[in-house]
Amino acid sequence: MTIELRPVTDDNFSEWRKTVRHGFGEHVHPDDIVRLRNERVELDRLVAAVDTQSNRIIGTGGADSYWLTVPGGEPVPMAGVAYMTTSVTHRRQGAFSNMMTYIHDAARERGDVISGLWASQSHLYGRFDYGLSINSYDWEIDPSFGEFSHFPAANANNADIKVSFIGADEAEVVLPGIYERMHRQTTGSVNRTSGRWRYQLFDEERVRQGASPLFFAVCEEAGEQTGYVSYRMRRQGDSDMGTLEVVEQVSATEVAHAAIWRFLLDFDLVGKITAINRPSDDSLWWMLSDP
Ligand SMILES: CC(C)(COP(=O)(O)OP(=O)(O)OC[C@H]1O[C@@H](n2cnc3c(N)ncnc32)[C@H](O)[C@@H]1OP(=O)(O)O)[C@@H](O)C(=O)NCCC(=O)NCCS
């Protein structure tokens, strides 16, 4: 048996995507294959490892293009390595290592100056000289411990600071500008293309996993939009102490960050707030009076 690396094209994209999700123990909805193809991936950055005997894809890999903000400078082009899997039937035969080498060579040729990834198994990547850059945390917050000891503005009732709900259509227009401002000033953050935004805001029933459609709220400081949150509610009936699931909370200023968390912590009928992938230096810890 030989394993050969081959390009990914529109002809084998569907097989490639199914193999990626199988590698993580999931099936994939056919519409989500199309969505990923249209909104996110660049075919010429993907690679398939094929068993030449069966002619089937047994390994997958690739990179997404990003601009990464680095200390004191303009954003630099980054290869965001992703989709790395080898089928359990073909493990430990070098498919993953060969695909990583292929992806790195291609990234160098394109002019990417850095390569980054989100490691599901962190010990895999040291051999390719990757190191840890940042930790993130998944939070579960009991709002009854949500009192602030301080607020980074004169006071939380400052008339110039307000958080308002907006609809999904308005969110599509408003959120990218706030995100871009955060990205430009935040080391380690990456940009988002318009396709990536459509991917991010996709809100069909099947992605909600039983929770509500997305809600959106935006913070304004003296009329300028400086932060946002998207979230879902998970609750059974009007009197249930439900869970508020933060999908994304982004702020371009400390005031917006505080105002949005004050807004989230002040809901009635919420027994728990969850937020995934929060940065390890998030200042919410330091605002709470009893963290
Ligand atoms: C991780 C994975 C891609 C490795 O694929 P593979 O084709 O078997 O890897 P390779 O044969 O190229 O192995 C490369 C090296 O990494 C080591 N390695 C691979 N997977 C490992 C694991 N899970 N734990 C420890 N070492 C591992 C191998 O022993 C090999 O080292 P060696 O050359 O010194 O023997 C595959 O096991 C997989 O698909 N896992 C599930 C999905 C996943 O976790 N993907 C990573 C997402 S970040």
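One is the number of the first residue; the rest follow in order along the sequence. When a ligand or atom number is given, it counts from 1 through the structure's own listing order.
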Subject >> Contacts of Leu5 that satisfy side chain to side chain contact (heavy atoms under 4.5 Å, CB included) - sequence neighbours left out >> reply: Val47, Ala49, Asn98, Met99, Tyr102
Original post:
Of all the atoms in ligand 1, which lie at a distance below 4.0 Å from a heavy atom belonging to Tyr125?
Top reply: 46 (C), 47 (C), 48 (S)
Original post:
Gly23 heavy atoms, cut-off 4.0 Å: which ligand 1 atoms fall inside?
Top reply: 41 (C), 42 (C)
Original post:
What do we get for Leu124 next to ligand 1 when only non-hydrogen atoms under 4.0 Å count, side chain, backbone, both or neither?
Top reply: side chain
**OP:** Under 4.0 Å, heavy atoms only, figure out whether ligand 1 is touched by the backbone of Phe128, its side chain, both or neither.
**Re:** neither
N or O contact, [X] vs ligand 1, cut-off under 3.5 Å:
X	value
Ser120	no
Phe96	yes
His123	yes
Ser97	yes

Original post:
Could Arg40 and Tyr199 be counted as a cation-pi pair, given that NZ or CZ must be under 6.0 Å from the ring centre and within 45° of the axis?
Top reply: yes
Subject >> Arg232 to Phe215 six-membered ring, cation-pi geometry met (6.0 Å, 45°) >> reply: no
Original post:
Who gets closest to atom 34 (O) of ligand 1 by heavy atom: Gln93, Gln121, Met99, Arg127?
Top reply: Arg127
Under 4.0 Å between a side-chain nitrogen and a carboxylate oxygen: does that hold for [X] and [Y]?
X	Y	value
Glu26	Lys18	no
Arg21	Glu15	no
Asp112	Arg45	yes
Arg110	Glu42	yes

For [atom], the protein heavy atom that lies nearest, with its residue and separation:
atom	value
atom 8 (O) of ligand 1	Arg92 N, 2.7 Å
atom 7 (O) of ligand 1	Thr86 OG1, 2.8 Å
atom 11 (O) of ligand 1	Gly94 N, 2.8 Å
atom 36 (C) of ligand 1	Arg91 NE, 3.2 Å
atom 45 (N) of ligand 1	Met84 O, 2.9 Å

Original post:
Would you say atom 20 (N) of ligand 1 has a protein heavy atom nearer than 4.0 Å?
Top reply: yes
**OP:** Indicate whether any N or O donor in one side chain lies under 3.5 Å from an N or O acceptor in the other, for Trp197 and Glu39.
**Re:** no
Original post:
Which pairs, with at least one residue in residues 125-145 and sequence neighbours excluded, count as a salt bridge (charged side-chain N to carboxylate O under 4.0 Å, His left out)?
Top reply: Glu140-Lys272
**OP:** Let me see the working for Thr69 and His183 under side-chain hydrogen bond (donor to acceptor under 3.5 Å, both in side chains), right down to the final yes or no.
**Re:** CA-CA 7 Å; Thr69 303; His183 161 56; 3.2 Å; yes
